[in-house]
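Values below: all heavy atoms of this structure, side chains included; hydrogens, waters and symmetry mates excluded.
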Amino acid sequence: MLQRSLYIIGCIVGVMALTGCKNNVVSPIPSAPVSLEFNILRDAPTLNAIGGVATFVTPKYVYQYLGYGGVVVFHDFEDRFVAFDLACPNEIDPNVRVNVDSIPGEAICPQCGAVFDIGYGYGYPMSGDCRYPMKQYNVFVANYDVRVYN
């Protein structure tokens, strides 16, 4: 009886350990519409190379929506395109925008000093006082045409 109870407790603890350690932290940046379409060669040639970055703060057309604080698109180190909201998730202010340093693939908040990893496409905080990741958006690429949306 004791062995059976220990076995059941062990199974319960094992299941909890395997399912309870996921990173479920969500960015506190408020939801705002994002609809951005551009051509890399024409509108953002810096994105043609790995480590390239382009920021969008002011809509170019009436049908463009740029999220809460603007959009940054990064050509990450695994040759993918990723997009994040420019607003710092620690400050939650559309006017406090991160600055992107493309060589190490970092986004740095000028207000609180938080550093986020965007080089590998995750937006997680690496240093500073922030516990939340950057708000990430979906990216679709066909040839040189890019669509960012939520």
[Y] side chain reached by [X] side chain, heavy atoms, under 4.5 Å:
X      : Y      : value
Phe84  : Ile118 : yes
Pro125 : Phe116 : yes
Val139 : Val146 : yes
Asn90  : Cys109 : no
Lys135 : Pro89  : no
Cys88  : Cys112 : yes

- [ ] Heavy atoms only: give me the nearest Val98-Ala107 pair and the separation to one decimal.
- [x] CG2-CB, 3.8 Å
Task: Nearest atoms (heavy-atom pairs only) where Gly121 meets Val82 - done: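 Closest heavy-atom pair between Gly121 and Val82: CA-CG1, 3.7 Å.
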Open item on the list: I'd like to know if the side chain of Asn150 and the backbone of Val34 have a donor-acceptor N/O pair within less than 3.5 Å.
Closed with: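 Side chain of Asn150 to backbone of Val34: a pair is present.
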- [ ] Give a yes or no answer on whether the side chain of Thr46 reaches the backbone of Val53 with a donor-acceptor pair at less than 3.5 Å.
- [x] yes
Open item on the list: Are Phe81 and Val100 connected into the same hydrophobic cluster when the rule is that any two of I, L, V, M, F, W, Y join if their side-chain heavy atoms are below 4.5 Å apart?
Closed with: no
Open item on the list: Side-chain heavy atoms nearer than 4.5 Å, only ILVMFWY residues, links allowed to pass through others: does that put Phe140 and Leu41 together?
Closed with: no
- [ ] Using side chain to side chain contact (heavy atoms under 4.5 Å, CB included) as the criterion, list what pairs up with Asn99, not counting sequence neighbours.
- [x]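 Asn99 satisfies side chain to side chain contact (heavy atoms under 4.5 Å, CB included) with Pro110 only.
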Task: All side chain to side chain contact (heavy atoms under 4.5 Å, CB included) counterparts of Val115, not counting sequence neighbours - done: Glu106, Ile108, Met126, Ser127
Validation: residues 64-78 side-chain donor-acceptor distances under 3.5 Å, sequence neighbours left out:
| residue | atom | partner | partner atom | Å |
| --- | --- | --- | --- | --- |
| Gln64 | OE1 | Lys60 | N | 2.6 |
| Tyr68 | OH | Ile92 | O | 3.4 |
| His75 | ND1 | Leu47 | O | 2.7 |
| His75 | ND1 | Ala49 | O | 3.2 |
| His75 | NE2 | Asp79 | OD1 | 2.5 |
| Asp76 | OD1 | Glu78 | N | 3.0 |
| Asp76 | OD1 | Asp79 | N | 3.2 |
| Asp76 | OD1 | Arg80 | N | 2.8 |
| Asp76 | OD2 | Arg80 | NE | 3.1 |
| Asp76 | OD2 | Arg80 | NH2 | 2.8 |
| Glu78 | OE1 | Arg80 | NH2 | 3.1 |

Open item on the list: Does either side chain, that of Tyr137 or that of Asp85, offer a donor lying less than 3.5 Å from an acceptor on the other one?
Closed with: yes
Task: Atom pair OH (Tyr61) and CD (Glu37), whose distance is rounded to the nearest 0.5 Å - done: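 Between Tyr61 OH and Glu37 CD, I get 10.5 Å after rounding to 0.5 Å.
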- [ ] Output the distance between atom CD (Gln111) and atom CD (Glu91), rounded to the nearest 0.5 Å.
- [x]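 Those atoms lie 5.0 Å apart.
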TODO: Taking atom CZ of Phe56 as the centre, report whether more than 12 heavy atoms of other residues, nucleotides or ligands fall under 6.0 Å from it.
DONE: yes
Task: Asn143, CG atom: more than 12 neighbouring heavy atoms under 6.0 Å - done: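 For Asn143, atom CG is not crowded (no more than 12 foreign heavy atoms under 6.0 Å).
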- [ ] Decide if the gap between the ring center of Tyr120 and the ring center of Tyr122 is smaller than 6.0 angstrom.
- [x] no
